[in-house]
Student: 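The following block contains the structure, expressed as C-alpha coordinates.
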Amino acid sequence: MKHISYSFSDSDIEVILFTLTVFPSLELEETEAQAAINLQCCRSAGEKLIKRRTDIAPNEFRVIYASLHAAQLINQGELETDTETKKKCTGYLFTINKLVSVFDKQMS
(Lines give C-alpha, C1' and ligand atoms only; values in the text may rest on other atoms or scores of the structure.)
Protein backbone atom coordinates (compact mmCIF):
# COMPACT_ATOMS: atom_id res chain seq x y z
CA MET A 1 0.00 0.00 0.00
CA LYS A 2 1.25 3.45 -0.90
CA HIS A 3 1.49 6.37 1.47
CA ILE A 4 -1.56 8.62 1.09
CA SER A 5 -0.42 11.67 -0.83
CA TYR A 6 -3.80 13.40 -0.67
CA SER A 7 -4.40 16.32 1.70
CA PHE A 8 -7.79 15.92 3.35
CA SER A 9 -9.95 19.02 3.68
CA ASP A 10 -12.13 19.64 6.72
CA SER A 11 -15.17 18.52 4.73
CA ASP A 12 -13.36 15.34 3.64
CA ILE A 13 -12.64 14.51 7.26
CA GLU A 14 -16.24 15.29 8.22
CA VAL A 15 -17.51 12.83 5.61
CA ILE A 16 -15.01 10.12 6.58
CA LEU A 17 -15.92 10.49 10.25
CA PHE A 18 -19.59 10.14 9.32
CA THR A 19 -18.98 6.98 7.27
CA LEU A 20 -16.83 5.53 10.05
CA THR A 21 -19.75 5.93 12.47
CA VAL A 22 -22.19 4.33 10.02
CA PHE A 23 -20.02 1.39 8.98
CA PRO A 24 -20.27 -0.68 12.21
CA SER A 25 -24.07 -0.35 12.25
CA LEU A 26 -24.30 -1.98 8.82
CA GLU A 27 -23.15 -5.30 10.34
CA LEU A 28 -21.46 -6.49 7.16
CA GLU A 29 -18.89 -8.70 8.92
CA GLU A 30 -19.17 -12.48 8.90
CA THR A 31 -17.88 -12.95 12.46
CA GLU A 32 -18.11 -11.17 15.80
CA ALA A 33 -14.31 -11.09 15.94
CA GLN A 34 -14.11 -9.20 12.63
CA ALA A 35 -16.86 -6.83 13.78
CA ALA A 36 -14.87 -6.04 16.93
CA ILE A 37 -11.68 -5.43 14.92
CA ASN A 38 -13.50 -3.16 12.49
CA LEU A 39 -15.15 -1.19 15.30
CA GLN A 40 -11.79 -0.59 16.98
CA CYS A 41 -10.20 0.41 13.67
CA CYS A 42 -13.08 2.83 12.98
CA ARG A 43 -12.53 4.44 16.37
CA SER A 44 -8.75 4.69 16.08
CA ALA A 45 -8.86 5.96 12.49
CA GLY A 46 -11.43 8.57 13.49
CA GLU A 47 -9.28 9.77 16.38
CA LYS A 48 -6.25 10.07 14.11
CA LEU A 49 -8.19 12.01 11.48
CA ILE A 50 -9.59 14.42 14.08
CA LYS A 51 -6.05 15.09 15.30
CA ARG A 52 -4.75 15.30 11.69
CA ARG A 53 -2.31 12.48 12.35
CA THR A 54 -0.87 10.78 9.28
CA ASP A 55 0.14 7.46 10.85
CA ILE A 56 -2.88 5.58 9.51
CA ALA A 57 -2.34 1.83 9.96
CA PRO A 58 -3.23 -0.57 7.13
CA ASN A 59 -6.33 -1.86 8.96
CA GLU A 60 -7.47 1.71 9.63
CA PHE A 61 -6.97 2.53 5.96
CA ARG A 62 -9.01 -0.57 5.12
CA VAL A 63 -11.98 0.44 7.28
CA ILE A 64 -11.89 4.03 6.01
CA TYR A 65 -12.04 2.73 2.45
CA ALA A 66 -14.70 0.14 3.31
CA SER A 67 -16.85 2.74 5.09
CA LEU A 68 -16.66 5.12 2.14
CA HIS A 69 -17.43 2.31 -0.30
CA ALA A 70 -20.40 1.20 1.83
CA ALA A 71 -21.73 4.78 1.82
CA GLN A 72 -21.32 4.84 -1.95
CA LEU A 73 -23.31 1.60 -2.21
CA ILE A 74 -26.02 3.12 -0.02
CA ASN A 75 -26.20 6.08 -2.39
CA GLN A 76 -26.45 3.70 -5.36
CA GLY A 77 -29.29 1.78 -3.69
CA GLU A 78 -27.21 -1.40 -3.49
CA LEU A 79 -27.01 -1.44 0.32
CA GLU A 80 -30.03 -0.90 2.55
CA THR A 81 -30.03 1.27 5.66
CA ASP A 82 -32.40 3.48 7.62
CA THR A 83 -33.92 6.60 6.07
CA GLU A 84 -31.88 9.09 8.12
CA THR A 85 -28.55 7.46 7.21
CA LYS A 86 -29.57 7.28 3.55
CA LYS A 87 -30.45 10.99 3.61
CA LYS A 88 -27.09 11.93 5.14
CA CYS A 89 -25.21 9.73 2.65
CA THR A 90 -27.06 11.44 -0.19
CA GLY A 91 -26.01 14.82 1.18
CA TYR A 92 -22.39 13.72 1.02
CA LEU A 93 -22.71 12.07 -2.41
CA PHE A 94 -20.06 14.05 -4.29
CA THR A 95 -17.48 13.99 -1.49
CA ILE A 96 -18.01 10.25 -0.98
CA ASN A 97 -17.49 9.57 -4.68
CA LYS A 98 -14.39 11.78 -4.76
CA LEU A 99 -12.87 10.07 -1.72
CA VAL A 100 -13.63 6.57 -3.01
CA SER A 101 -11.75 7.55 -6.17
CA VAL A 102 -8.80 8.82 -4.11
CA PHE A 103 -8.68 5.62 -2.08
CA ASP A 104 -9.09 3.45 -5.18
CA LYS A 105 -5.89 5.02 -6.56
CA GLN A 106 -4.09 4.21 -3.30
CA MET A 107 -5.17 0.57 -3.50
CA SER A 108 -3.82 0.07 -7.04
Student: Would F18 and I50 show up in the same hydrophobic cluster when neighbours are defined by side-chain heavy atoms closer than 4.5 Å?
Tutor: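 Cluster IDs for F18 and I50 match.
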Student: What distance do Y92 atom OH and K87 atom NZ have between them, rounded to the nearest 0.5 Å?
Tutor: 12.0 Å
Student: For E32, does the CD atom sit with more than 12 other heavy atoms under 6.0 Å from it, leaving out its own atoms?
Tutor: no
Student: Once rounded to the nearest 0.5 Å, what's the spacing between atom CD of E60 and atom SG of C41?
Tutor: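 Rounded to the nearest 0.5 Å, the CD-SG separation comes out at 6.0 Å.
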Student: Side-chain donor-acceptor contacts of residues 63-78 below 3.5 Å, not counting sequence neighbours, with atom names and distances?
Tutor:
from : atom 1 : to   : atom 2 : distance (Å)
Y65  : OH     : D104 : OD1    : 2.4
S67  : OG     : T19  : OG1    : 2.9
S67  : OG     : V63  : O      : 3.2
S67  : OG     : I64  : O      : 2.8
Q72  : NE2    : N97  : OD1    : 3.0
N75  : OD1    : T90  : N      : 3.1
N75  : ND2    : C89  : O      : 3.1

Student: Measuring from atom CG of N59 to atom CD1 of I37, what distance do you get when rounded to the nearest 0.5 angstrom?
Tutor: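 CD1 of I37 is found 7.0 Å from CG of N59.
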Student: What residues, two or more places apart in sequence or in another chain, satisfy side-chain hydrogen bond (donor to acceptor under 3.5 Å, both in side chains) together with T21?
Tutor: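 Counting only residues at least two positions away or on another chain, T21 forms no side-chain hydrogen bond (donor to acceptor under 3.5 Å, both in side chains).
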Student: Let me confirm one number: the CG-CG distance from L79 to L26, rounded to the nearest 0.5 Å.
Tutor: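 That separation rounds to 5.5 Å.
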Student: In the single-linkage hydrophobic clustering (I, L, V, M, F, W, Y; side-chain heavy atoms under 4.5 Å), do L39 and L49 co-cluster?
Tutor: no
Student: For the hydrophobic clusters of this structure (ILVMFWY residues joined by side-chain heavy atoms under 4.5 Å, transitively), does one cluster hold both F8 and I56?
Tutor: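 In one cluster with F8: I56, yes.
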Student: Starting at OG of S11, measure out to CD1 of I16 and round the result to the nearest 0.5 Å.
Tutor: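 The OG atom of S11 sits 9.5 Å away from the CD1 atom of I16.
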Student: Check the hydrophobic clustering (I, L, V, M, F, W, Y; side-chain heavy atoms under 4.5 Å; chains of links allowed) and say if I96 and L17 are grouped together.
Tutor: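 Yes; tracing contacts between hydrophobic side chains, which count when under 4.5 Å, links both residues.
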Student: How many angstroms lie between atom CZ of F23 and atom CD of E29, to the nearest 0.5 angstrom?
Tutor: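 These two atoms lie 5.5 Å from each other.
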Student: Do other residues, nucleotides or ligands put more than 12 heavy atoms under 6.0 Å from the NZ atom of K48?
Tutor: yes
Student: Do L93 and L20 sit in one hydrophobic cluster, given that two such residues count as connected whenever their side-chain heavy atoms are within less than 4.5 Å of each other, even indirectly?
Tutor: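 Not linked; separate clusters.
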Student: Are the side chains of R62 and N38 in touch, meaning some heavy atoms are under 4.5 Å apart?
Tutor: yes
